[in-house]
Amino acid sequence: MSSDEDVAAVSRHTHFIGKKENMIRARRVVKSVGERDVLVIYHQGDFHAIDVRCYHSGGPLQEGDIEDFDGRTCIVCPWHKYKITLAEGEGLYQAVDPSVKPLKPTWCSKGIKQRVHTVTVSNEDVFLTLNDSPGPIDSDYYQTEKYRNTFLKEGQKKKK
């Protein structure tokens with residue numbers, strides 16, 4: 001591939017999201033990018049982007065709290081309190097080893113459950129590159145046309 005083809009390939013997957021200043025002010029922005037609905041978050045000096053609906057039941061992550069669990073920044077789904085790391089998209093849960101006394105909960109990973117996307121800033125513009133890694137990730141289920149249309153219709157009803 002020539003360098004012109006490389007640039008064209010990259011630009012097809014990179015999408016302008018907004019001006020840095022506006023994104024910082026908004027803190028959270030939901031965008032439809034290609035075939036995905038993505039939540040872009042500005043938190044403690046960093047941008048993060050993840051699929052907008054929780055992998056577990058499609059909960060609206062844009063309404064979730066951001067908290068640290070065991071030193072890892074997570075968004076907490078407002079529906080069922082699932083914890084998802086912003087950096088990797090891992091689902092976290094607390095577990096205890098019943099054979100160890102006193103019982104001490106520890107944070108464990110369920111693995112990657114939420115698709116995470118790349119955010120870059122160039123000349124005060126914010127861009128998103130969709131994660132198109134092969135293989136399904138649990139949050140992909142809520143990115144199908146059927147579910148996207150369902151959520152869009154529900155959002156329009158709420159605005160009326």
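All residue numbers refer to positions in the sequence shown, counting from 1.
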Derivation and outcome, side chain to side chain contact (heavy atoms under 4.5 Å, CB included), residues Tyr142 and Asp51 | CA-CA 9 Å; Tyr142 295 99; Asp51 285 350; over 6 Å; no
Minimum side-chain heavy-atom gap His117-Thr129 below 4.5 Å = no
Residues in salt bridge (Lys or Arg N to Asp or Glu O under 4.0 Å) with Glu67, at least two apart?
-> none
Sequence-distant partners of His56, ring pair (Phe, Tyr, Trp, His ring centres under 6.0 Å), two or more places apart = His80, Tyr82
Euclidean distance, Tyr55 OH relative to Gln114 CD, rounded to 0.5 Å = 8.0 Å
Over all heavy atoms of both residues, which pair between Trp79 and Ser57 is shortest? Give the atoms and the distance, please.
-> CZ3-O, 3.2 Å
Indicate if Val76 and Leu86 have the same hydrophobic cluster label, given that clusters are the connected sets of ILVMFWY residues with side-chain heavy-atom separations under 4.5 angstrom.
-> no
Do Ser139 and Cys54 touch side chain to side chain, with heavy atoms closer than 4.5 Å?
-> no
Which residues pass the salt bridge (Lys or Arg N to Asp or Glu O under 4.0 Å) test with Arg28, sequence neighbours left out?
-> none
Under a side-chain separation threshold of 4.5 Å, the hydrophobic residues clustered together with Phe127 are Phe16
Residue set satisfying side-chain contact (heavy atoms from CB on, under 4.5 Å) with Thr106, at least two apart, ordered chain then number -> Cys108
Here the salt bridge (Lys or Arg N to Asp or Glu O under 4.0 Å) pairs for residues 93-110, sequence neighbours left out, are none
Of all the heavy-atom pairs spanning Ile137 and Ser133, show the shortest one and how long it is.
-> CD1-OG, 4.4 Å
Output for pair (Lys20 NZ, Ser122 OG), nearest 0.5 Å, gives 11.0 Å
Any side-chain heavy-atom pair from Ile75 and Asp65 closer than 4.5 angstrom?
-> no
Any residue meeting salt bridge (Lys or Arg N to Asp or Glu O under 4.0 Å) with Asp125, in chain and number order, not counting sequence neighbours = Lys19
So do the side chains of Cys74 and Asp68 get within less than 4.5 Å of each other, counting heavy atoms only?
-> no
Salt-bridge test for Lys31 and Asp37: reply yes if a basic N is under 4.0 Å from a carboxylate O, no otherwise.
-> no
Any chance you could measure Ile50, atom CD1, to Gln62, atom CD, to the nearest 0.5 Å?
-> 9.5 Å
Is there a side-chain contact between Tyr93 and Ser109 (heavy atoms, below 4.5 Å)?
-> no
Please collect all salt bridge (Lys or Arg N to Asp or Glu O under 4.0 Å) contacts where either partner lies in residues 127-138, sequence neighbours excluded, each pair once.
-> Lys113-Asp138
Who else is in the cluster with Val126 when I, L, V, M, F, W and Y are joined by side-chain contacts under 4.5 Å?
-> Ile17, Met23, Ile24, Val29, Val33, Val38, Val40, Tyr42, Phe47, Val119, Val121, Leu128, Leu130
State yes or no: do Val116 and Val52 share one hydrophobic cluster built from I, L, V, M, F, W and Y residues joined by side-chain heavy-atom distances below 4.5 Å, directly or via other members?
-> yes
Sequence neighbours left out, what pairs pass salt bridge (Lys or Arg N to Asp or Glu O under 4.0 Å) with at least one residue falling in residues 85-94?
-> Arg72-Glu88, Arg72-Glu90
Examine Leu61 and Ile66 and state if one hydrophobic cluster contains both, with Ile, Leu, Val, Met, Phe, Trp and Tyr joined whenever side-chain heavy atoms are less than 4.5 Å apart.
-> yes
Path from Ile112 to Ile84 over hydrophobic side-chain contacts below 4.5 Å = no
With distance as the sole test, does Arg115 use its side chain to make a donor-acceptor pair with the main-chain N or O of Asn131 at under 3.5 Å?
-> yes
By ring pair (Phe, Tyr, Trp, His ring centres under 6.0 Å) - contacts of Tyr141 (at least two apart) = Tyr147
Would you please name every residue forming a salt bridge (Lys or Arg N to Asp or Glu O under 4.0 Å) with Glu35, sequence neighbours left out?
-> none
